[in-house]
Amino acid sequence: MKQTLKKVMLSLAAMLVGVAALAQVTTSSLNGFVAEESGEPLPGAVVLAVHVPTGSQYHAIANNQGLYAIKGMRAGGPYEVTFTFFGLQTLVVKDVTLQLGESYKLDAKLKEATQTLHEVTVVAS
């Protein structure tokens, strides 16, 4: 009986070690808050992160509170992160480096665009 119990315990220990090895983190993530200059959140703002050496692209859209999260990103860098929202200036942040298993926080405040429309055409159907 003792031998059987030892074998069962060793088998369980071996399985737990195998599961722990599979659970190792191999990626990073990026998250933050996107807002107007005034601090008002920008729901629907688009966040694009490009891993410059490989061209790998990751994206997210800010939720109703202006929060975004991109998970499963390649560790390292540099990344170029672009924040866009209609009617506001695009913001580009360069040289972002992610550490393995890290959740990197990157907030953005977008300024009002200074474009003027010269002509608007309305087409009625």
Side-chain angles (χ1 to χ4, degrees):
M1 182 72 172
K2 273 187 168 182
Q3 288 291 29
T4 305
L5 185 60
K6 282 184 181 179
K7 287 181 182 179
V8 169
M9 294 302 281
L10 283 173
S11 296
L12 285 174
M15 284 191 281
L16 288 176
V17 168
V19 169
L22 291 175
Q24 291 180 354
V25 176
T26 60
T27 60
S28 300
S29 63
L30 180 68
N31 66 73
F33 176 67
V34 186
E36 295 181 52
E37 253 185 322
S38 66
E40 287 295 313
L42 287 173
V46 177
V47 183
L48 174 65
V50 178
H51 185 253
V52 177
T54 63
S56 298
Q57 296 184 0
Y58 306 89
H59 69 280
I61 297 175
N63 67 14
N64 289 339
Q65 292 81 38
L67 300 172
Y68 74 92
I70 305 173
K71 298 181 188 301
M73 297 176 71
R74 177 188 301 260
Y79 277 90
E80 186 172 286
V81 185
T82 305
F83 298 90
T84 56
F85 190 83
F86 182 75
L88 298 177
Q89 290 180 7
T90 297
L91 174 65
V92 178
V93 180
K94 296 182 179 191
D95 296 324
V96 173
T97 301
L98 305 179
Q99 301 301 317
L100 185 62
E102 174 186 41
S103 184
Y104 190 96
K105 184 168 174 53
L106 181 62
D107 295 334
K109 286 194 176 182
L110 304 183
K111 297 179 181 180
E112 193 173 319
T114 55
Q115 281 185 322
T116 305
L117 295 176
H118 296 288
E119 183 177 320
V120 176
T121 304
V122 177
V123 178
S125 52

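Numbers here are sequence positions counted from 1.
- A pairwise comparison of heavy atoms in P41 and P43 identifies O-CD, 3.2 Å as the closest pair.
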Apply salt bridge (charged side-chain N to carboxylate O under 4.0 Å, His left out) to residues K105 and D107 and explain how you reach the verdict. CA-CA 7 Å; K105 184 168 174 53; D107 295 334; 3.2 Å; yes
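- No hydrogens or angles considered: nothing links the side chains of T90 and T84 as a donor-acceptor pair under 3.5 Å.
- Put simply, NE2 on H59 and OG1 on T82 are 13.5 Å apart, with the number rounded to the nearest 0.5 Å.
- Considering CD of Q89 and NZ of K109, their distance stands at 15.0 Å, rounded to 0.5 Å.
- Heavy atoms only, all atoms of each residue included: A75 and Q99 are closest at CB-C, 4.4 Å.
- Note: the hydrophobic cluster containing V93 also contains F85 (ILVMFWY, side chain heavy atoms under 4.5 Å, direct or indirect links).
- No more than 12 heavy atoms of other residues, nucleotides or ligands sit less than 6.0 Å from atom CD of E112.
- Considering only residues two or more places apart in sequence or on other chains, S28 meets the side-chain hydrogen bond (donor to acceptor under 3.5 Å, both in side chains) condition with none of them.
- Looking at every heavy atom in both residues, E80 comes nearest to V92 through CG-CG1, 3.6 Å.
- Looking only at side-chain heavy atoms (C-beta outward), Y104 and T97 stay at 4.5 Å or farther from each other.
- Contact detail for P53 and P78: the closest heavy-atom pair is CD-O, 3.6 Å.
- Cluster annotation: V34 and L106 are assigned to the same hydrophobic cluster (Ile/Leu/Val/Met/Phe/Trp/Tyr, side-chain heavy-atom contacts under 4.5 Å, transitive).
- Checked against L30 for a side chain to side chain contact (heavy atoms under 4.5 Å, CB included), the options E102, K71, M73 give a single hit: M73.
- Here the shortest heavy-atom pairing between F33 and A35 reads CE2-CB, 3.4 Å.
- Applying the side-chain hydrogen bond (donor to acceptor under 3.5 Å, both in side chains) rule to S56 yields the partners T54; only residues at least two apart in sequence or on another chain are considered.
- Put simply, the side chain of F83 does not reach to within 4.5 Å of the side chain of L88, judged on heavy atoms.
- Between A108 and L91 the shortest heavy-atom distance is CB-CD2, 3.7 Å.
- The CD1 atom of I70 lies 10.5 Å from the CD1 atom of I61; values are rounded to the nearest 0.5 Å.
- Between the side chain of Y68 and the backbone N or O of A45, no donor-acceptor pair lies under 3.5 Å.
- Annotation: the span from L100 atom CG to T27 atom OG1 amounts to 7.5 Å, rounded to 0.5 Å.
- Looking only at side-chain heavy atoms (C-beta outward), V81 and V47 come within less than 4.5 Å of each other.
- Residues R74 and Y58 are in side-chain contact: their nearest non-hydrogen atoms beyond the backbone lie under 4.5 Å apart.
- The side-chain hydrogen bond (donor to acceptor under 3.5 Å, both in side chains) check on S38 picks up nothing, with sequence neighbours excluded.
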